[in-house]
Protein chains: 2
Amino acid sequence: MGNQRSERVFSMPTRKLESVVSLRDIRVACKACSLKEICLPVGIDRDDLERLDSIIDRKHPLARGEHLFRVGDRFQSIYAVRSGSLKTYSTSEGGHEQVMGFQLPGELVGLDAISENQHPLAAKALETTSVCEIPFTDLESLSSQISGLQHQLLRVMSQEIRDDEQNMVILGQKSAEQRLAAFLISISNRFRRRGFSATQFNLSMSRSDIGNYLGLALETVSRLFTRFQNDGLLRVDRKHIELLDREKLCAYSGAHCSEQQPPQESSGQ
Amino acid sequence: MGNQRSERVFSMPTRKLESVVSLRDIRVACKACSLKEICLPVGIDRDDLERLDSIIDRKHPLARGEHLFRVGDRFQSIYAVRSGSLKTYSTSEGGHEQVMGFQLPGELVGLDAISENQHPLAAKALETTSVCEIPFTDLESLSSQISGLQHQLLRVMSQEIRDDEQNMVILGQKSAEQRLAAFLISISNRFRRRGFSATQFNLSMSRSDIGNYLGLALETVSRLFTRFQNDGLLRVDRKHIELLDREKLCAYSGAHCSEQQPPQESSGQ
DNA sequence: TGGCCGCATTGACGCAGATCAAATGTCTAT
DNA sequence: ATAGACATTTGATCTGCGTCAATGCGGCCA
């Protein structure tokens, strides 16, 4: 695991320039990070944010194909994706791989490792990717002091459970067509939340990864992309996707997927 | 839905008899509960346990078919199953049901509701079932005071994420035979942990529930049960299952599933 | 600039498991 | 007990998608 380091030397323990973006986006403080509205800092006030910030370690970027951690690695930290993307996967005894998820900026990885103190999945960069490392022991003790942080951590984990349940529905009862449609809509929504285009994006993962994730053969994924294109739902060019008819894509996915609703203020409490 | 009540009248708010098991197991304190080694109290010392106990509300039992909560219900509490069993499920627009999981004694339900403050799934009793209600606001504030409780809560949620991931593997790439085998082994292991027989038990859920949960038609489940029986793996009689050859069943499931190993101290780092 | 290699597309074919159908067994309420 | 509703089993048929196979297309390195 001996990974190279480089700009580490520049990061002095006492840094003053708070709002200045330093070298290569490395070391953007949480409060200056564009992801703070969707990442762990949600709902944490200015002072507490600084405390959270102080335990976070911003690593230098992973190259495409590099591992953030592997199956069985001792659990020490969770990670937040800052830029780029990851896939998490497990490998069965037969060497067969199962892709469990893709992580975009602002999303956390490693939460499934808390219970057994070791990672049940590996996490690999799909492209050049940088992450924030959040040592779990520190996070835990900070959480008991900052109630907003505790709450947000629980919320994020709860959301992950919910997302996994959603995936179980998709794997358990949707057709190939519905699965891919649902996947594209989900990706699109996640990009939008992060301020990227919802109608035009690049998929950093291969057809094989998509198929594996959706429980489909990669050939099926490929065929579906061409079918969707013929049906006027989207335009595909290699990794690049342009959604042309989101409505119809929703219909194909066999779910409401309005997803657009403003963060409805759920009554009280 | 007007559910009958009966022994409620016997459970007085001021109870003195701490170590005495009261009527029909109602109102067993955590410290006297046989599930305390696998439920939320894990790793919490005597005094703190009393504090946890004080926020928990032991409800009278649910009858078979009764709902603990429904989709969209406001989230206020998580629940621990004390006896009996539950299924959680969602219903798609087409009225089609997707079973997400089954809860046995000592397991928590409702953790997926934290993030949106409302329940994404319904929970229904598969048989006469009693639960402990744990108001979430209280639990949260207690968690920030009792570090063991915070840790255990995170562990339980992490475990749930891990289990869901395991289910995704099953739904994504296992054959019907492997799915049912894996399901039976999982149930067996869960029963064992709770001190019940691992080789002989009653399934409280229908074939249809099992099939739905595993992404299979109920006919397929039924056929597999007879096949397994013919292959000498087990004996089935209606809901009653007797595992005859656990080894072979493991092989059928296409996973190591030793599961029996003592909490192996994984070699450092 | 060309050749190679991994990824993607497209086609042909077969099978696991869904669906349809019907018979039988079992629980519940009167 | 008896009827009726429902759960389960078993059989027959059909089909969506996996598998195998061949070809096409970039991107990368020498």
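Naming convention: chains lettered A, B, ... in sequence-line order (proteins, then strands); numbering from 1 in each chain.
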message = Measuring to OP1 and OP2 of D:dT8, would you say a side-chain N or O of B:Lys239 lies under 4.0 angstrom away?
response = yes
Taking atom [atom2] of [N] as reference, at what distance in whole Å does atom [atom1] of [X] sit?
X        : N      : atom1 : atom2 : value
A:Asn212 : D:dG18 : CG    : P     : 11 Å
B:Gln229 : D:dT9  : CD    : P     : 9 Å
B:His96  : C:dT19 : NE2   : C1'   : 13 Å
B:His240 : C:dC27 : NE2   : P     : 14 Å
B:Leu180 : C:dA18 : CG    : C1'   : 17 Å
B:Leu126 : D:dA7  : CG    : C1'   : 15 Å
B:Asp237 : D:dA7  : CG    : C1'   : 14 Å
B:Phe225 : D:dA7  : CZ    : P     : 16 Å

request  = Please assess B:Ile170 against B:Phe183 for the test side chain to side chain contact (heavy atoms under 4.5 Å, CB included), listing each intermediate value before the final yes or no.
outcome  = CA-CA 9 Å; B:Ile170 286 172; B:Phe183 172 72; over 6 Å; no
message = Side chains of B:Asp209 and B:Tyr89: any donor to acceptor distance under 3.5 Å?
response = no
Within the sub-3.5 Å range, which N or O atoms of nucleotides 20-25 of chain D have a protein N or O partner, and how far apart are they?
from: D:dC20; atom 1: N4; to: A:Glu219; atom 2: OE2; distance (Å): 3.0

Examine distances only and state if a side-chain atom of [X] and a backbone atom of [Y] form a donor-acceptor pair shorter than 3.5 Å.
X        : Y        : result
B:Ser253 : B:Cys250 : yes
B:Gln229 : B:Val236 : yes
A:Arg179 : A:Lys174 : yes

ask   = Does B:Ile38 have any side-chain contact (heavy atoms from CB on, under 4.5 Å) partners at least two apart in sequence or in another chain, and if so, which?
value = B:Leu35, B:Arg193, B:Arg194
task = State, yes or no, whether a side-chain contact exists between B:Arg227 and B:Leu233 at a heavy-atom distance under 4.5 Å.
result = no
ask   = Considering only heavy atoms from C-beta outward, does the side chain of A:Asn202 approach that of A:Arg238 to under 4.5 Å?
value = no
query = How would you label the contact of A:Ser222 with the nucleic acid (heavy atoms, under 4.0 Å): base, sugar-phosphate, or nothing?
reply = base
ask   = Could A:Lys87 and A:Glu97 be called an ion pair, given the rule that one side-chain N must be under 4.0 Å from one carboxylate O?
value = yes
query = So which one's nearest nucleotide on DNA chain D is more toward 5', B:Thr226 or B:Arg64?
reply = B:Arg64
N/O to N/O distances under 3.5 Å, protein versus nucleotides 13-17 of chain C:
from: C:dG17; atom 1: OP1; to: B:Ala176; atom 2: N; distance (Å): 2.7

